[in-house]
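Just below is one structure, and these are the notes that go with it.
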Amino acid sequence: MQIANAPCSWGILEFGLEGKTDQYNKVLDEMSSTGYRGTELGDWGFFPTDPEELKNELQSRELNLVGAFVPINFVNPADYEKGLQLALKTARLLADVDQENARIVLSDDNGKNPVRTRNAGRIQEEHGLTTAQWKTFTKGVDYVARKILEETGVASVFHHHCAGYVETAMEIEIFLSMTDPELVGLCFDTGHYAFGGGDPLEGLKAHNDRISHVHFKDWDHNIARKSEENGWDYFKSVENGVFCELGKGTIDFKEILEELNRQQYSDWIVVEQDILPGMGTPKESARRNRDYLRSIGV
């Protein structure tokens, strides 16, 4: 297993939120200097989109490109083609820069539906998709993943995510049962699984045959409880630190790591400490997160 980080740990998010963020060269410098050996792409256009330029920037810092997050509104077929075009141009960039390591991380267009965003971390059955909507959603994921694989050779995984339509443990099970395992793997995110009401260790065990990309994100139960008590939406919960530094929250990463070793997982672990633009001390948090992982043996 090798350890990467992602631009979201520096406040570079796909939601289009306002706020000052660092430039890409500073993010890459800090990522490399704090001990990581890979990065995800981040929002399209944050890193250089010329393959040779991006490859040079990464190689000069001894970083691999291990994935790219592509959100698509899969519940609406009218948005498939627009999402597919973003996914394809992203996958072509990945293939040109680091075909061996990189994969497309598909996801719902999280944070756009007001009900799901307002109730993130406390989703009820009535907030979910209908049977017909599930068929539309999963058909769209298979369609996009197939096109990406056929046209670029890059594999796809799907990221369950709070404030989207695949958040809870039950929703993840439904999603996996309705998508093609030959086309779509699972990007397992410890923090989102916990915030969505699941036990990350049990989730790893349940879905080990589909997991091919892992995000290490911690989750603070006390902040989640305050979120429920105060009715915070997803973004307010993030602003208040529901995704804290590794080892400072509720998730037992020693157990998670032991389970990954039992499963003989040998791919990338991507550290993510989601923060809003301009929030926190990203370099210092990245260093502490990396030191914590070394302390538990990885």
Side-chain angles (χ1 to χ4, degrees), residues 2-17 21-32 36-74 79-110 140-159 161 183-187 189 212-215 267-272 274 277 282 286:
Q2 298 189 76
I3 308 300
N5 209 310
C8 62
S9 300
W10 278 258
I12 316 302
L13 301 169
E14 72 276 8
F15 300 104
L17 302 172
T21 60
D22 291 323
Q23 297 298 307
Y24 82 86
N25 52 352
K26 182 180 178 183
V27 171
L28 290 177
D29 285 343
E30 293 183 353
M31 203 177 289
S32 177
Y36 298 90
R37 290 296 166 257
T39 181
E40 290 190 0
L41 185 68
D43 200 21
W44 178 265
F46 176 65
F47 286 163
T49 55
D50 175 78
E52 287 305 313
E53 182 182 358
L54 180 55
K55 187 183 296 186
N56 290 336
E57 293 284 1
L58 294 172
Q59 289 180 347
S60 69
R61 298 169 174 88
E62 299 183 323
L63 291 170
N64 291 106
L65 183 60
V66 305
F69 189 88
V70 180
I72 298 175
N73 183 25
F74 286 112
D79 291 334
Y80 288 178
E81 289 303 320
K82 179 182 177 182
L84 175 61
Q85 294 312 307
L86 173 60
L88 284 174
K89 73 177 180 179
T90 304
R92 292 187 186 105
L93 179 61
L94 299 188
D96 288 340
V97 173
D98 200 341
Q99 175 91 52
E100 179 181 354
N101 289 286
R103 64 198 65 216
I104 291 292
V105 182
L106 297 172
S107 187
D108 189 12
D109 197 8
N110 309 297
V141 175
D142 279 350
Y143 167 73
V144 170
R146 181 180 294 107
K147 287 290 189 180
I148 292 170
L149 187 62
E150 290 174 348
E151 297 193 24
T152 71
V154 176
S156 295
V157 294
F158 187 88
H159 188 326
H161 199 291
L183 294 173
V184 186
L186 180 65
C187 171
D189 187 300
S212 53
H213 199 58
V214 173
H215 287 175
D267 216 308
W268 288 89
I269 291 173
V270 182
V271 174
E272 289 193 337
D274 292 357

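Predicted model only: the values in this text are computed from it and were never measured.
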Verdict with supporting geometry, Arg103 and Asp267, side chain to side chain contact (heavy atoms under 4.5 Å, CB included)
CA-CA 11 Å; Arg103 64 198 65 216; Asp267 216 308; 2.8 Å; yes
For Phe47 and Glu40 the tightest heavy-atom approach is CE1-O, 3.4 Å
I need the minimum non-hydrogen distance between Pro282 and Ser9, along with the two atoms involved.
CB-O, 3.5 Å
Shortest non-hydrogen contact from Ser212 to Gly185?
OG-CA, 4.0 Å
As a test of understanding, state which of Val157, Val144, Val141, Leu106 forms a side-chain contact (heavy atoms from CB on, under 4.5 Å) with Val184.
Val141
For Val70 and Gly83, which heavy atoms make the closest approach, and how far apart are they?
CG1-O, 4.5 Å
Rounded at 0.5 Å granularity, tell me how far CG in Asp274 sits from CD1 in Ile12.
12.0 Å
After noting the C-alpha distance and the side-chain angles of His161 and Asp189, does the key distance pass the side-chain hydrogen bond (donor to acceptor under 3.5 Å, both in side chains) rule?
CA-CA 8 Å; His161 199 291; Asp189 187 300; over 6 Å; no
Can any side-chain N or O of Thr49 pair as donor or acceptor with the backbone N or O of Gly45 at less than 3.5 Å?
no
Of all heavy-atom pairs between Val270 and Ala6, which one has the smallest distance, and what is that distance?
CG1-CB, 4.0 Å
Between Ser60 (side chain only) and Asn56 (backbone N and O only), is there a donor and an acceptor less than 3.5 Å apart?
yes
Once you round to the nearest 0.5 Å, how far does OG1 of Thr39 lie from CG of Leu41?
7.5 Å
Would a 4.5 Å heavy-atom cut-off, applied to side chains only, mark Tyr143 and Glu81 as touching?
yes
Verdict with reasoning, Asp98 to Val66, per side chain to side chain contact (heavy atoms under 4.5 Å, CB included):
CA-CA 8 Å; Asp98 200 341; Val66 305; 5.6 Å; no
Output for pair (Ile104 CD1, Ile148 CD1), nearest 0.5 Å, gives 5.0 Å
Checking Tyr36 side chain against Ala286 main chain: does a donor-acceptor pair fall under 3.5 Å?
yes
More than 12 heavy atoms of other groups within 6.0 Å of Glu150 CD
yes
Pairwise distance CG(Leu186) to NE2(His213) - rounded to 0.5 angstrom
11.0 Å
Between Leu58, Leu93, Leu54, Val97, which is the residue that forms a side-chain contact (heavy atoms from CB on, under 4.5 Å) with Pro48?
Leu54
Sidechain-backbone polar pair: Lys55 side chain, Asp96 backbone, donor-acceptor under 3.5 Å:
yes
Could you check whether any side-chain heavy atom of Ser156 comes within less than 4.5 Å of a side-chain heavy atom of Leu149, counting everything from C-beta outward?
no
Using a strict threshold of under 4.0 Å (side-chain N to carboxylate O), is an ion pair present between Lys82 and Asp109?
no
Steps toward side chain to side chain contact (heavy atoms under 4.5 Å, CB included) verdict (Trp10, Asn5)
CA-CA 10 Å; Trp10 278 258; Asn5 209 310; 3.7 Å; yes
Can you name the closest pair of heavy atoms from Leu183 and Asp142 and give their distance?
CD1-O, 3.7 Å
Check whether any side-chain N or O of Ser32 sits under 3.5 Å from a backbone N or O of Arg61 as a donor-acceptor pair, and report yes or no.
yes
Which class fits the ring pair Tyr80 and Phe74: parallel under 30°, tilted 30 to 60°, perpendicular over 60°?
tilted
Roughly how far apart are Leu94 CG and Leu65 CG, rounded to 0.5 Å?
5.0 Å
Would a distance-only check, ignoring hydrogens and angles, find a side-chain to backbone donor-acceptor pair under 3.5 Å from Gln99 to Gly153?
yes
Under a 4.5 Å cut-off applied to non-hydrogen side-chain atoms, are Cys187 and Phe69 in contact?
no
Once rounded to the nearest 0.5 Å, what's the spacing between atom CZ of Arg37 and atom CD of Gln2?
9.5 Å
